[in-house]
Structure formats: C-alpha cells, structure tokens
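Below: one structure, written as structure tokens.
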2 protein chains.
Amino acid sequence: MFLLEYEEDIIVVDCGVGFPQEDQLGIDLVLPDIGYLKKRQKKIRGIFLTHGHEDHIGAISYHLPDLRAPVFGTRLTLGLVKVKLEESGFLPNADLREFDPDVDAPICAGVFQVEPFRVCHSIPDAVGFGITTPAGLIVHTGDFKLDPTPIDDRPVDFDKLRAFSERGVRLLISDCVHIETPGSTPSERVVGETYDRLFASTDGRIIIATFASLIARIQQIIDTAERYGRRVAALGRSLEKNVQMALDLGYLKDPTNRLVDGREGSFLPDNEIVFIVTGAQGEPMAVLSRIANGDHRDVIVGPGDTVVVSATPIPGNETSVFHIINQLFKAGAEVVYGSRARVHVSGHGSSDELVTMLNAVKPRDVVPFHGEYRHMALYRDLAIEQGYTSEQVHFAENGNVIAITPEAIKVEGKVESGYVYVDGVTVGEVGDVVIRDRRALARDGILMVIVAVDRETGQIVAGPDIATRGFVHAKGASKLLDDTKEYLRSEIGDGAHFATSDWGYLSRQLRDLTANYLHRNTRRRPMILPMVMEV
Amino acid sequence: MFLLEYEEDIIVVDCGVGFPQEDQLGIDLVLPDIGYLKKRQKKIRGIFLTHGHEDHIGAISYHLPDLRAPVFGTRLTLGLVKVKLEESGFLPNADLREFDPDVDAPICAGVFQVEPFRVCHSIPDAVGFGITTPAGLIVHTGDFKLDPTPIDDRPVDFDKLRAFSERGVRLLISDCVHIETPGSTPSERVVGETYDRLFASTDGRIIIATFASLIARIQQIIDTAERYGRRVAALGRSLEKNVQMALDLGYLKDPTNRLVDGREGSFLPDNEIVFIVTGAQGEPMAVLSRIANGDHRDVIVGPGDTVVVSATPIPGNETSVFHIINQLFKAGAEVVYGSRARVHVSGHGSSDELVTMLNAVKPRDVVPFHGEYRHMALYRDLAIEQGYTSEQVHFAENGNVIAITPEAIKVEGKVESGYVYVDGVTVGEVGDVVIRDRRALARDGILMVIVAVDRETGQIVAGPDIATRGFVHAKGASKLLDDTKEYLRSEIGDGAHFATSDWGYLSRQLRDLTANYLHRNTRRRPMILPMVMEV
C-alpha cells in the first residue's frame with residue numbers, strides 16, 4: 001500500500017496482504033495498519049489498483065468498510081475484487097469504477113490526475129500509473145516485466161511512458177524485486193513451450209499445479225490441451241472461481257469447450273485429461289498437498305501420471321514444496337519442477353528490464369519499491385551505472401514519508417504504520433506481544449507453578465503444583481519436576497512471610513526461583529507462568 | 001549413519017548429526033537413534049568415517065560412550081573428531097585409528113575388509129570405502145564430487161575404483177543429493193578466482209563468511225590475501241579451532257604468516273585485512289549475524305567494506321540469511337552473495353559426475369543415498385539411461401534393511417531407528433510429544449484454567465481463574481476471558497456434583513467447555529490446560 005497526500009486529498013495505490021513470515025507463528029494473514037488513513041478518511045479520493053494479485057488487493061475486503069472510497073481498477077482486477085467483496089458481504093456498499101487504460105481519459109481524484117498505462121505481469125490487465133501532482137509527475141510502475149510476447153498480446157505501453165518522459169517525470173517508483181537476476185525474464189510463452197513438450201511425451205494423466213491468479217498460464221494449458229485432445233479440469237476453490245470469472249469477463253477463452261468439472265475429468269481416460277490444481281506453494285490444505293497425501297476424492301496419482309509444479313517456492317516454503325514432491329515421486333508419479341524444466345517464469349522484470357524502464361521514463365529521482373533492502377541497494381548501483389547519482393535514489397521503508405517538492409525529495413520521518421495480524425476470524429487481536437510469546441513457547445515450552453494461599457493468613461494451603469507443555473515430557477521428567485517442587489517448598493516455606501496484600505511478590509518469587517532452578521539443571525529457559533490462588 | 005551387519009560382525013559408516021527442520025521447534029541438534037546398535041554393542045568392529053563434516057561425525061561425541069568401538073578416519077577427519085571428544089571429555093577413552101588411503105593395506109574389521117579411497121568434497125581428506133563382504137564387494141562413495149583441480153591436488157582415486165570394478169562390485173552406494181543440477185559441479189578453484197577479482201577491486205575491508213569446515217576455501221583466502229598484501233583473521237570459535245587444528249596437521253599452509261588474531265586484525269588499515277567469519281547460514285549467535293546487528297566487539301561494518309557470503313542458504317535458512325544481507329546493505333557495506341557472483345560451489349557431484357562414478361564402478365546394483373526421495377527417483381532415471389533396469393536400483397530410507405546376497409538385493413523391513421533430539425544440554429528428554437506440543441503452542445498459544453476445590457466437600461472454593469500466553473493479549477481481550485470464566489461458572493456451578501474422588505472428570509469438563517466456548521467465539525483452538533487444586 002502506497003499513498004499520496006497533498007493538503008486535503010489522498011489517493012491510495014494498492015491495498016494488499018502480506019503472508020506471514022516463519023517467525024509470525026500461527027498467523028494466517030498480515031494486513032497493513034491503516035490507522036493513519038482512518039483518521040483522514042474524508043480526504044481519500046480513491047483507491048487505485050495496479051493488478052489483481054493478493055499482495056495488491058487482498059486487504060480490500062478487510063479495509064474498505066473503513067476507507068469508504070471509490071476503488072479504481074481494470075476489468076479483471078475489479079472482477080477479482082468483486083469475488084472477495086461478495087464473500088465478505090460488502091459488495092453492495094462498494095463503489096467500484098472500472099477503467100480501460102487504452103481508451104479512458106485521465107481520472108481526476110482531488111488534486112491528482114491519474115493515467116493508467118499497461119504493463120506486463122504474471123496476471124493480465126496489469127497497469128502502472130502516471131500521477132500528476134502539484135509537485136510534478138510521478139510514475140508508479142506497479143509490478144512489471146517487459147514480456148515481448150505476452151499471452152494476451154498486450155505489451156507494456158511505451159508510447160505513454162515516452163509521453164510521460166517528454167512531459168518530465170519528477171519521480172519514478174519502480175519495481176525492483178527481481179534485480180538479482182541478470183538479463184531479461186523469459187516470456188510467459190516459454191512455459192507454454194515446456195507444456196507442449198510434456199504433453200507430447202506422455203499418454204498418462206497430467207496434473208499441473210500453479211497459482212489461481214495465473215490466468216495466462218491457465219490459457220496456455222487450455223490451448224495445449226486442445227492440440228493434444230485433452231480436456232481440462234480446474235480443482236481448488238480459488239482456481240475454480242477465478243476460471244469462471246475470467247471466462248465471464250473474456251480473459252480466458254475456451255472456444256472448443258476443453259473445460260470440464262473435476263468429477264467429470266476423473267472419469268476420462270488418462271490421455272484425455274489435464275488437471276489444474278492449487279497448492280503449488282505447498283499450502284497444506286490445497287489440492288496438490290491432498291493429492292500427494294493420497295487424500296483427494298477425485299485424483300489419486302500413481303505410475304504413469306505426470307505432475308508439474310509450475311511455481312518457484314518462495315523462501316520459507318521450500319521444505320513443504322519439496323516434501324510434496326517427494327511424496328509424489330513415492331507414489332510413482334513423474335514429477336516435473338523448476339530444477340528439471342522451465343515450468344515457471346517470474347512476473348517481475350530482471351535487471352536489463354529495470355534499466356529499460358528507467359531509461360524510457362527518465363525521471364529526475366527514483367524510489368525502488370517491492371523489494372527488500374538488498375534489492376533497493378542493488379537498484380541504486382544500477383541507477384548509478386545509468387548516470388544517476390546516489391542522491392537521486394531514495395530508499396523508503398514501510399511507514400516512511402517521502403516529501404516531494406519540485407525542488408527536492410527527502411525521506412523523512414514515519415507515520416503510524418505497521419501490520420495487523422489475522423488469526424482465524426479475528427483481526428488485530430493477535431499483536432506483537434502474542435507473537436513474541438508464541439515464539440518463546442515454540443522454543444522452550446511453558447511451565448506453570450500454582451499455589452493456593454489462605455486469604456486471611458497468607459499461608460500456602462496447597463501446592464506448589466506444576467504443569468508443563470512443550471518443555472519436557474512430564475512422565476519422563478517426573479523427577480525433575482518433583483525436585484523443582486521440593487526446591488520451591490524449601491525456599492518459600494509456608495509462605496506466611498509474604499505480605500497477604502501482595503501476591504505479586506510471591507508470584508515473582510515463584511517465577512524467578514523456578515526459572516533459575518531449571519536453568520541450572522537443564523540450561524533451558526521455558527516460559528514460567530506463576531499463579532497464586534486465594535482461597 | 002549406515003551400518004553393515006553379517007552374523008557376529010557390524011561396521012558403522014559415519015555417525016553424524018542432522019539439523020532440525022523448521023517444525024522441530026526449539027531443537028538444537030538431531031541425533032540418530034542408536035537403540036539397535038546399543039543392543040549389539042559387542043558386535044561392532046569399527047566406526048569408519050568418510051570425512052569431517054558435522055552430518056558425518058557430529059554425533060560421535062554423544063554416541064561413542066555407548067558404541068565403544070574403534071574409530072577409523074583420515075588424519076584431518078580424526079583431527080576434527082578429537083576437537084569434539086576433547087570438549088566432551090571422552091578423548092582419553094576413545095580408540096582413534098588413523099589411516100592413509102594412498103598407502104595403507106585394507107583394514108580388517110571382523111568378517112569385513114575395508115579399503116578407503118580418496119574422493120573430492122568440500123573438505124580435504126575425504127574418502128569412500130570399498131568393503132569386501134561375504135555377499136560381495138560393496139562400494140560406498142561417501143559425499144563426493146569429481147573436482148578436476150582440487151585445492152589439495154588430490155583428485156578422486158579412479159585407479160582404485162577401476163580395480164574394484166575389475167573385481168566385480170555387488171553394490172554401489174552413491175551420493176545423489178546434487179542430481180538436480182545438470183553437467184558437472186565447478187571446481188572449488190573458481191571460488192578462488194572470484195575472490196581474486198573481489199580483492200583486486202577494493203581497498204576497503206573484506207569480510208568473508210563461510211563454513212568452519214571448508215578448509216580448502218580458507219586456504220584460498222590465505223593465498224589471495226598473500227597476493228594482495230592483506231592479513232587474515234578468523235573469527236568464531238569453531239573456525240578458530242579448525243584453523244589451528246588444520247595448521248597443526250598440515251592441511252592449511254601459511255608460509256608468509258598471513259594469519260593474525262581478531263583483535264590484531266581490527267587495528268590494521270582497511271586494505272590490509274580480511275576477516276573470515278562464521279555464520280554464513282544465518283545462525284543467530286554466529287559472528288556474521290552479530291556483525292550485521294552492529295553487535296560485534298572487533299568488527300563494525302560500514303561504507304567501503306565488502307562482505308562476502310560464501311555459502312548457499314540451505315532450505316529453511318533463506319529468510320535469516322537474507323535478513324542479514326539486508327542489514328549489511330543498510331549499514332552501507334557492499335554485499336556479495338550467491339545471486340551476484342560465484343562465491344560458493346557445492347561439494348557434491350552433479351548429474352554427469354554421478355554417471356561417471358556409476359560407469360567407473362559398474363556395480364550390479366545401486367543404492368542412491370544422502371538425498372531425499374526425489375533425488376533417489378531421479379537417480380533411478382539416470383541409472384536407467386545408463387542401461388540399468390529399475391529393479392537394479394534400490395531405495396532405502398532411514399531404518400530400512402537392505403538384505404544383500406550374492407544373488408539378490410531386497411529392501412525389507414525396518415529396524416529400530418529414528419531420531420533423538422538435543423535441546424540445550426539434555427539429550428533425548430525432548431521427544432516427539434514435546435515437539436508436537438511446541439507446534440500447537442506456536443500456532444495458537446495456551447490457556448490455563450484453574451479451580452481450587454475443597455477436598456472434603458468437592459465444592460469449588462476459588463476460580464475458575466484463567467491465565468493465557470500466545471493466544472490473545474490478556475489486557476486487550478479481558479472481556480473474552482471474563483466471559484469465558486462466567487460461562488464456566490454457569491456450567492459447572494459450585495462443582496459439588498463432581499465426584500470428589502475423580503478430579504480427572506472435572507478437569508476434562510473444564511477443558512472441553514473452555515475449548516468449545518473459545519472455538520465458538522474466536523474460531524481458534526489454543527491448547528487448554530485445566531488444573532484442579534485440592535485445598
């Protein structure tokens with residue numbers, strides 16, 4: 001999420017979700033904290049979406065009720081937004097405004113004029129924005145690659161970029177996440193060529209796992225299936241929904257009726273069916289994982305079947321993806337994945353493409369975005385090679401304010417920002433404290449120490465008792481736990497010398513004594529939770 | 001760990017540690033379970049080590065006291081073992097027997113004769129074994145690559161392999177972990193060439209993070225430092241120990257006294273020092289991580305410094321390695337890592353090298369090892385391309401028994417096997433139950449429900465009280481917790497109807513009522529730990 005503010009006007013670019021890092025334990029989704037925007041809700045003139053990926057639209061259904069602003073996007077992007085808003089029940093209250101970047105006039109949003117321009121990405125109908133502001137023209141690339149042969153035949157709109165450049169661009173905000181790869185990212189079309197070779201070489205069933213949003217790839221599977229006389233069945237809720245939506249809006253074409261439903265597909269001969277399935281990132285509840293576990297109703301894999309994992313595992317997911325690949329091999333299937341054939345290409349431009357964009361736009365200053373710090377640092381090197389100075393490249397992190405004037409650009413200060421965690425159905429109840437506790441629990445477990453004290457005399461009338469989880473196996477370590485209780489009893493006696501009004505002190509004593517005793521004896525530091533119960 | 005058993009004799013090949021998977025929370029090391037061997041301790045004729053990496057020798061200091069058998073290895077391998085046994089205090093009781101694979105006669109170990117042969121790997125002095133057994137000759141490659149220009153000038157001993165082949169090899173046990181890479185693995189020497197270019201292009205300080213066991217790489221750093229007039233300081237306990245040991249044994253050569261200690265190095269001008277540091281896998285307590293956090297006594301990095309991360313993060317470590325790289329960039333350093341330059345090569349042979357080994361040994365049957373299932377499956381394809389049938393390639397997993405006779409090879413049954421976890425100083429106390437609890441705690445946290453009951457009347461005299469960690473923030477969710485207590489009170493009343501002799505029933509009621517109430521209200525399932533305290 002990126003926002004532009006000038007006096008009484010704000011526009012927001014994208015409103016996505018993050019996926020939890022490994023150390024954000026038990027978290028399902030990470031939302032942007034919109035505290036800053038909520039307080040300025042009246043100033044928001046619009047939410048402009050670059051494309052329909054989760055990390056750009058996924059928080060809309062959570063945050064739109066608070067932001068209450070019109071949402072602008074291309075037809076496919078809004079189609080995906082509608083699916084979300086329908087599920088959350090907010091669709092009737094949403095003000096969705098479709099634009100066609102090739103035809104429509106610039107969109108006025110308060111003091112800003114927004115001109116969308118086509119870019120290529122791993123989802124069709126992706127755009128960047130030229131935004132005219134009082135401080136000058138800002139070009140935001142969105143996520144992009146310069147695919148010379150895109151599946152939808154709509155390349156990056158360099159005419160508009162040139163026009164921006166001629167008007168003079170104050171600031172380019174450029175995708176930089178794929179900068180570590182030299183040269184250019186291959187066209188999505190090379191994946192189709194790999195599919196063609198795979199289809200030509202097998203008479204068995206073919207199962208292709210990919211992302212539900214990769215509409216272009218789904219089109220290539222339908223096209224290849226047509227050439228080889230196979231039908232196509234999509235399995236997995238998000239995939240089925242997206243396929244239907246993309247067909248309805250004309251982004252997927254199935255002129256010879258290749259598509260069948262999963263049930264029907266499962267009854268076809270092996271050489272007449274391709275399944276497209278969700279779960280290419282190893283998600284445990286998705287179709288691929290269930291197939292690998294022998295746990296899917298319609299698809300059981302075995303010798304003769306070919307499974308294609310058309311994705312690159314994102315860091316943190318490798319272990320589960322490779323676990324699934326191992327299981328599929330064990331079941332006897334042939335498995336084709338990134339290390340063996342070109343079954344996935346990135347949607348982001350490599351370093352040569354970033355150079356091309358920079359030189360086409362010729363901005364006075366640049367802000368690399370969508371990358372980690374190392375990607376921004378490499379982008380600066382790349383800009384310097386193109387004749388920029390390091391002062392013209394600005395790094396902004398989440399929450400940073402980029403102050404833009406016609407004369408100068410400065411990254412200064414921070415506004416209220418950060419993350420809101422989604423765990424189950426509750427949004428925001430799980431904060432950093434809870435996550436920190438989960439990390440501690442995961443590392444060393446927990447041990448509770450309970451005593452009951454007489455509220456009149458302050459004497460300990462029962463306990464200390466100990467219960468533990470995730471620290472030691474209580475049965476195997478009963479001696480350690482008995483010794484700990486014994487030690488506590490000898491240290492605190494009958495407890496009568498603890499002031500009856502201050503159980504906090506007794507509590508802290510119990511905690512510290514237990515922690516020290518256990519550390520001395522095991523070198524470990526479980527979380528200690530003391531409880532004093534008044535009876 | 002691999003063992004060969006024939007009637008009254010057993011030999012063990014390697015005795016390494018595993019590193020914990022992401023879901024083995026809070027675990028430091030994973031040891032092989034040696035229950036099977038312990039019961040047959042009298043039969044063990046020797047432990048034969050292929051090379052000195054942790055995953056091949058790391059469990060020696062834990063298990064040798066139980067195995068009580070002579071340990072056979074090359075000089076460097078035993079040097080590394082000695083360091084471990086010294087630390088654990090078992091060295092005086094250990095029977096270490098050095099062999100020189102180029103000179104010594106076959107080693108007799110019960111009914112087996114063991115002939116070590118040189119292989120190349122990312123540590124010097126690595127060997128494989130030809131083992132003559134009553135069922136025929138077995139060749140175990142150890143971890144290997146066919147480096148044509150190894151740093152220590154000792155290539156793979158193909159003369160011995162040819163001799164084995166002429167005698168007829170019943171079974172080849174072959175490394176297969178790097179099979180996904182086509183062609184050949186580059187020589188370790190290319191890393192030296194990259195170092196040379198880096199040293200030539202900077203006058204700033206150079207910091208190279210690599211594995212403590214990569215003696216050949218340390219040699220290349222010393223050699224390059226010599227050419228560019230720099231001194232070398234090793235930082236990190238394991239690295240310092242290994243450097244000293246390798247110098248003592250003659251595996252590292254420092255003819256012009258490049259090596260200085262860390263303190264001394266920190267006072268040298270920027271263009272006269274290279275630091276070699278531990279922590280290339282992102283280990284949080286190692287030197288590289290401390291440097292990145294600005295938390296190291298002797299080395300503070302900033303603009304002008306070059307940090308080289310000479311390693312490929314193993315799956316599961318990417319996030320922490322990239323986090324460190326981001327921090328170093330933020331500190332202003334230039335960071336060189338795998339995506340930018342060839343600063344690491346694997347120690348394992350790629351697919352062409354596996355073919356060469358297979359064709360040199362010409363075994364009747366093959367068992368691929370050291371890989372996951374997918375690597376074994378790809379190895380079978382590779383063997384089939386070389387004219388083997390799929391019946392000649394056998395897959396064995398941890399604990400499987402490979403029954404070898406001159407006529408047939410079968411993988412059949414399982415023996416007692418598995419893993420023992422090391423957490424802190426305790427070995428084995430943390431088992432699968434504890435790990436499972438940690439996983440549950442990490443996902444949803446824990447909630448304790450405590451009541452005090454009168455031991456005579458069975459009436460609840462205090463509580464239910466609730467304490468929670470890692471579930472909700474207790475302050476923010478006080479209403480939820482109060483409501484839960486209220487609900488419990490209304491459901492269990494004064495508790496008098498619970499049999500006084502069976503607190504287990506009350507306990508289970510508390511647990512189930514709480515779990516259901518919370519799931520209804522939050523859709524989440526924290527671990528519930530009920531406690532009934534008698535007063």
Side-chain angles (χ1 to χ4, degrees), chain A residues 21-23 25-26 180-181 315-316 318-319 322 325-327 329-330 335 339-340 372-374 376-378 423-426 429-431 433-435 437-446 448 450 452 461-463 465 467 469-473 476-477 522-524 527 529 531 533-535, chain B residues 21-23 25-26 180-181 315-316 318-319 322 325-327 329-330 335 339-340 372-374 376-378 423-426 429-431 433-435 437-446 448 450 452 461-463 465 467 469-473 476-477 522-524 527 529 531 533-535:
Chain A
Q21 302 276 307
E22 285 151 64
D23 58 355
L25 298 165
E180 288 168 330
T181 310
E318 285 93 347
T319 324
F322 283 128
I325 292 174
N326 289 336
Q327 285 176 298
F329 269 122
K330 243 183 233 187
V335 191
S339 329
R340 305 188 68 199
E372 297 178 26
Y373 203 94
R374 68 183 195 279
M376 301 197 275
L378 297 179
D423 182 0
V425 289
T426 52
E429 233 165 53
V430 174
V433 175
V434 171
I435 303 279
D437 282 351
R438 286 184 184 173
R439 247 175 258 155
L441 290 167
R443 204 166 43 233
D444 283 318
I446 189 168
M448 277 110 345
I450 304 127
V461 292
D465 269 4
R469 286 290 185 280
F471 168 54
V472 289
H473 194 201
T522 68
R523 295 281 127 200
R524 284 153 60 195
M527 187 184 279
L529 192 55
M531 281 199 77
M533 200 167 215
E534 263 187 353
V535 293
Chain B
Q21 302 278 306
E22 287 151 66
D23 58 354
L25 298 165
E180 288 168 330
T181 309
E318 285 93 347
T319 324
F322 283 128
I325 292 174
N326 288 335
Q327 286 176 296
F329 269 122
K330 244 182 233 187
V335 191
S339 329
R340 303 189 68 198
E372 297 179 26
Y373 203 93
R374 68 183 194 281
M376 301 196 275
L378 297 179
D423 182 359
V425 289
T426 53
E429 233 166 51
V430 174
V433 174
V434 171
I435 302 281
D437 282 350
R438 286 183 184 174
R439 245 175 258 156
L441 290 168
R443 203 166 43 233
D444 285 317
I446 190 168
M448 278 118 329
I450 304 128
V461 292
D465 269 4
R469 286 291 185 279
F471 169 51
V472 288
H473 193 202
T522 67
R523 296 281 126 200
R524 285 153 60 196
M527 189 184 277
L529 194 53
M531 282 199 76
M533 202 169 213
E534 262 186 356
V535 294

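So that the names make sense, note that chain A is the first sequence line, chain B the second, and so on, each numbered from 1. Bear in mind that the values here come from a model prediction, so they are computed numbers and not experimental data.
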query = Counting N and O atoms only, with roles assigned by atom type, does the side chain of A/R340 sit under 3.5 Å from a partner on the main chain of B/E180, one being a donor and the other an acceptor?
reply = no
ask   = Considering only heavy atoms, which portion of A/M376 lies under 4.5 Å from any heavy atom of chain B: side chain, backbone, both, or neither?
value = neither
message = Once side chain to side chain donor-acceptor pair (under 3.5 Å) is applied, do any residues pair with A/N326, and if so which ones, sequence neighbours excluded?
response = B/E372
task = Let me know if A/L529 has heavy atoms under 4.5 Å from chain B in its side chain, its backbone, both or neither.
result = side chain
Counterpart residues, ring-ring contact (aromatic ring centres under 6.0 Å, His included), relative to A/F322 (two or more places apart) = none
query = Which heavy atom of A/M533 sits nearest a heavy atom of B/I450, and at what distance?
reply = CE-O, 3.2 Å
note = Between B/R438 and A/R524 the two heavy atoms that sit nearest each other are NH2-NH2, 3.4 Å
remark   = On a heavy-atom basis, the closest approach of A/L441 and B/R469 is CD1-O, 3.6 Å
message = On a heavy-atom basis, which atom in B/M531 and which in A/A467 lie closest, and how many Å separate them?
response = SD-CB, 3.6 Å
